[in-house]
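First the structure, in the form of structure tokens, and then the observations on it.
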Amino acid sequence: MMKDRVILHVDQNSFYASVEMLRYPELKTVPCAVAGDPVNRHGIVLAKNQLAKKAGVRTGEAIWQAKQKCPGLILIPPDYRRYIHYSRLARGMYYEYTDRVEPFGIDECWLDLTGSPSDDGAAVAEELRRRMKDELGLTVSVGVSWNKIYAKLGSDMRKPDAVTVITRSNYLDVVYPLPAEDLIYVGPATTRQLCRIGVRTIGELAALGPAYLRSVFGVVGLNLYAFAAGLDETPVAASGREVPIKSVGNSLTTHHDLYTEQEIKAVTYMLSESVTSRLRDAGMAARTVQISMRDYELHNFERQAPLPRPTQLCAEIAPAATRLILDHFEKGQWIRSLGVRACNLVPVSQLNQQSYLVQEARREAALRLEEAIDHLRTRYGGLAVRRGVSLVDRALTEHDIKRENVIHPIGFFGP
Ligand SMILES: [Mg+2]
């Protein structure tokens with residue numbers, strides 16, 4: 001039997017708020033939140049400190065809601081350059097243990113320690129937790145497991161400043177009782193569907209088996225099964241050491257080869273959704289989209305294309321990525337792995353509003369909608385929050401764009 005992989009998922013806790021408290025220690029004594037565009041009532045809470053959390057402030061909720069719960073809440077505008085700086089310092093530390101480091105957003109990374117000199121996952125996790133506090137003054141929560149999905153679950157289970165180890169001997173007790181929506185990729189729509197068939201926990205999801213899940217969810221069902229049962233084998237992609245946060249990407253090894261355009265499209269949308277959600281979190285827009293495919297013979301293929309204008313919209317990146325993939329997809333080809341990457345990033349704050357928001361109202365509305373979805377996922381989706389199966393959301397998109405168009409002028413992005 002092959003030896004299990006040793007995978008860590010490291011999550012910097014309340015990252016933006018923690019960085020602000022390093023800079024302004026007096027913030028530790030008041031409830032505070034980093035929030036996008038505080039002048040605009042539609043801005044949302046991006047991160048909050050412990051005191052704000054105690055007052056009921058939630059990440060992803062609108063500023064006006066947070067203020068209602070916590071009138072004394074101090075709002076801080078995001079300073080992405082500073083966050084990127086600390087994000088790089090943290091990654092530098094991870095690279096001391098392995099060169100297989102896959103960033104997930106600005107404040108999370110997977111590390112694959114398999115075969116590296118220090119491959120005792122729990123020990124490295126403890127060391128990282130301690131060093132992060134001593135050397136950077138920040139806290140992390142770390143999940144350790146044999147697959148990326150469980151490692152991510154682990155980092156979410158106990159925080160801040162904690163390590164959770166999920167092993168073959170404890171996962172039935174530790175993972176299986178968790179709500180199914182804690183799984184990555186399980187968004188609100190999937191959660192509702194799972195509820196309808198009586199599934200609440202990850203264990204119940206795994207128990208349904210691959211064939212049944214496929215009959216309900218299509219090709220995505222097979223991945224759901226693999227995620228729930230700890231069978232995911234998606235590798236930790238060693239990427240971007242020299243250029244952290246110059247790109248945001250996501251790839252998925254599907255648990256059944258994709259061979260129809262429909263399936264490819266579904267997975268591409270799902271990936272684009274999570275990529276653009278992370279772009280929005282990081283305040284970045286992409287000027288280039290890149291796709292990668294690997295077929296059943298393990299041929300790798302990569303292509304990129306410029307986007308007509310910088311964007312952080314799934315509604316623009318997903319069709320571009322799909323086109324790029326389908327242009328190079330040959331009928332009869334079986335695709336095993338797909339990736340979508342947003343490259344050539346530029347901070348939204350540096351973009352000239354005029355050039356960014358060509359067709360302002362429509363793009364603005366689409367952005368607002370996608371942020372609302374991010375927000376819903378944050379609230380209801382656990383860690384699946386930034387992701388989900390996207391075809392379901394398209395109906396929603398069209399519906400809301402019409403409505404939002406009437407209400408919102410431009411002016412969201414601030415100075
Ligand atoms: Mg975090």
Side-chain angles (χ1 to χ4, degrees), residues 7-23 27-28 32-36 44-54 57-61 66 76 78-94 101-111 125 128-133 135-145 148-164 181-185 236 240 244-245 248 250 274-275 277-284 371 374-375 377-387:
I7 295 177
L8 266 52
H9 183 264
V10 189
D11 184 356
Q12 298 183 276
N13 309 127
S14 308
F15 182 53
Y16 297 170
S18 303
V19 170
E20 295 300 340
M21 288 189 292
L22 272 185
R23 173 160 47 164
L27 287 174
K28 288 180 190 164
C32 72
V34 176
I44 60 165
V45 172
L46 300 167
K48 76 272 170 196
N49 71 358
Q50 286 295 322
L51 288 172
K53 188 179 177 183
K54 267 194 202 131
V57 174
R58 314 265 294 257
T59 299
E61 76 184 344
I76 309 146
D79 178 351
Y80 292 109
R81 277 173 56 177
R82 185 168 288 262
Y83 308 149
I84 287 169
H85 171 72
Y86 278 95
S87 172
R88 283 190 179 138
L89 292 177
R91 282 178 202 177
M93 201 182 285
Y94 308 152
V101 175
E102 180 181 343
F104 185 66
I106 194 170
D107 62 338
E108 301 177 25
C109 281
W110 277 287
L111 281 60
L128 282 173
R129 186 185 66 77
R130 192 175 38 75
R131 285 187 62 192
M132 199 67 73
K133 253 199 317 201
E135 295 171 30
L136 299 188
L138 296 169
T139 64
V140 290
S141 53
V142 191
V144 185
S145 195
K148 285 167 78 178
I149 310 294
Y150 282 8
K152 172 111 170 99
L153 275 177
S155 72
D156 244 28
M157 284 186 72
R158 264 181 302 146
K159 57 168 88 169
D161 198 23
V163 171
T164 303
E181 69 257 35
D182 281 3
L183 280 176
I184 206 163
Y185 293 116
V236 173
I245 333 207
V248 171
N250 220 348
S274 98
V275 165
S277 170
R278 286 161 55 203
L279 279 180
R280 291 188 291 274
D281 271 2
M284 300 295 228
E371 283 181 338
D374 291 344
H375 162 60
R377 293 204 170 119
T378 306
R379 271 187 83 171
Y380 302 112
L383 55 79
V385 293
R386 310 172 189 171
R387 321 167 133 244

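In what follows, residues are counted from 1 in the order of the sequence shown. Counting starts at 1 for both ligands and their atoms, following the listed order.
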Worksheet entry | Partners meeting salt bridge (charged side-chain N to carboxylate O under 4.0 Å, His left out) with K159 (sequence neighbours left out) | D11, D156
Fill in: Any N, O or S atom of D107 closer than 2.8 Å to the Mg ion (ligand 1)
yes
Worksheet entry | Residue N13, metal the Mg ion (ligand 1), N/O/S under 2.8 Å |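 Here the distance criterion (N, O or S atom, under 2.8 Å) is not met by N13, so no.
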Worksheet item: Which single N/O/S atom of D11 lies at minimum distance from the Mg ion (ligand 1)?
Response: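 For D11, the N/O/S atom sitting closest to the Mg ion (ligand 1) is OD1.
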Item to complete: Kindly give the heavy-atom pair with the smallest separation between R129 and V163, and that separation in Å.
Response: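 Looking at all heavy atoms of both residues, the closest pair is CD-CG2, 3.9 Å.
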Practice prompt. Would you name the heavy atoms of L8 and A151 that are closest together and state the gap between them?
Written response: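 Of all heavy-atom pairs spanning L8 and A151, the closest is C-CB, 4.1 Å.
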Worksheet entry | OG-CG distance between S18 and D107, expressed to the nearest 0.5 angstrom | 9.5 Å
